[in-house]
Structures are given as structure tokens and as C-alpha cells.
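In this chain, residues are counted from 1 in sequence order.
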Amino acid sequence: MNSIGPIFAAFQPLADLPMAMTAHVVFSALDPAHPATTSATIIRQVIRGVIGFQGLLMSDDVSMNALAGSIAERTRAIVNAGCDMVLHCNGKLDEMRGRCGRDTGIDGLRRLDRAKRALGLAQTARASGTGRWHGLNWTR
């Protein structure tokens with residue numbers, strides 16, 4: 001994993017941002033069997049490890065059909081890989097209901113903590129009228 005550090009070095013200055021999103025892309029040299037969104041290797045070793053990102057990690061849209069399986073299977077794979085939140089963007093509420101279940105273990109508490117921290121930072125930025133986190137636009 002040390003040899004990939006330079007590849008992802010551009011993301012390291014962004015490691016303290018409150019939120020980030022994965023992409024449904026395959027890094028075949030690191031995990032040829034899984035897109036980044038469903039790859040525990042990419043999420044745990046690269047995003048959380050090499051890059052050092054500890055904020056809220058959300059998936060790209062689970063309903064865009066870029067991943068194999070049903071919405072429920074995709075959702076489970078995304079959460080099991082290490083994402084904190086699964087985005088479902090097509091507006092079909094029947095697809096969204098009950099897809100992941102309640103996560104009451106330590107991982108669920110960590111996800112909830114990251115979400116609360118990210119929301120708190122968003123509210124602080126809005127209240128200050130800056131509309132910015134660490135100099136980057138987050139709304140526009």
C-alpha cells in the first residue's frame with residue numbers, strides 16, 4: 001500500500017473536510033473485483049488510511065445502476081465496505097424503504113457520530129454566512 005501514497009497524495013490536504021463521496025470506479029491495481037464504493041480495500045486502506053479521511057463518507061448514487069445487484073444488495077455492500085451513508089437519488093421511495101436495517105453496533109455509532117459532526121459543521125458554515133468549508137464551496 002505504501003507505493004500508492006503518491007497516487008492519492010492530492011487528496012491528503014482535503015482529509016479534514018467533514019464529508020466526502022466515493023465513486024463507482026474500479027482501481028484495478030488495488031481491487032479489481034470491486035468498484036471503490038463497495039471496496040473495503042479502497043475505503044479502509046486508501047480513503048481512511050493513506051488519505052487519512054475520518055469524516056462522513058457517503059456513496060455515489062446507488063440507484064444509477066452502475067453497481068451489480070438489487071438496491072438492497074448494493075446498499076449492504078456499500079455499508080459493509082465502510083461508507084457511512086448511502087445516497088439514493090432517483091426519488092423512488094419504495095426502493096428506499098428498509099434497505100439496510102438498523103445498525104446499532106459500534107460501527108453504527110461511529111457513522112452517527114461522523115454524520116452529527118458533518119451536520120454541525122454545515123450549520124456553523126450556514127450561520128456564519130460564508131457558505132464555505134476550509135475555503136471550498138459546498139453550496140452553489
With Met85, which of Leu57, Ile78, Leu56 fulfils side chain to side chain contact (heavy atoms under 4.5 Å, CB included)? Leu56

State whether the side chain of Thr37 and the backbone N or O of Ala23 hold a donor-acceptor pair below 3.5 Å, judged by distance alone. yes

How long is the gap from CD on Glu73 to CG on Asn80, to the nearest 0.5 Å? 12.0 Å

Before you tell me yes or no, could you show the steps for Lys92 and Asp61 under salt bridge (charged side-chain N to carboxylate O under 4.0 Å, His left out), namely the whole-Å CA-CA distance, both residues' side-chain angles and the distance that decides it to 0.1 Å? CA-CA 13 Å; Lys92 296 179 182 175; Asp61 182 11; over 6 Å; no

Is the Phe8 to Phe27 ring centre distance short of 6.0 Å? yes

Working to the nearest 0.5 Å, report the span between OG1 of Thr22 and CD1 of Ile47. 6.5 Å

Go through Cys83 and Met58 one step at a time and tell me if the side-chain contact (heavy atoms from CB on, under 4.5 Å) criterion holds. CA-CA 6 Å; Cys83 280; Met58 66 187 91; over 6 Å; no

Would you compute the distance between atom CG of Leu14 and atom CD1 of Ile51 and round it to the nearest 0.5 angstrom? 8.5 Å

Here the pair of heavy atoms bringing Val26 nearest to Pro32 is CG1-O, 4.0 Å

With side-chain contact (heavy atoms from CB on, under 4.5 Å) as the test, would you mind laying out the steps for Gln12 and Val50 before giving the verdict? CA-CA 8 Å; Gln12 288 172 329; Val50 172; 4.1 Å; yes

Using 4.0 Å as the upper bound for N to carboxylate O, is an ion pair formed by Arg44 and Asp31? no

Does Arg48 offer a backbone N or O that forms a donor-acceptor pair with the side chain of Gln54 under 3.5 Å? yes

What is the distance from atom NE2 of His88 to atom CZ of Arg74, rounded to the nearest 0.5 Å? 8.5 Å

So, Ser39 side chain and Pro35 main chain: donor-acceptor pair closer than 3.5 Å or not? no

Tell me whether Leu67 shares a hydrophobic cluster with Met64, the cluster being built from Ile, Leu, Val, Met, Phe, Trp, Tyr side chains joined at under 4.5 Å. no

Derivation of the side-chain contact (heavy atoms from CB on, under 4.5 Å) call for Leu87 and Val62: CA-CA 6 Å; Leu87 293 184; Val62 72; over 6 Å; no

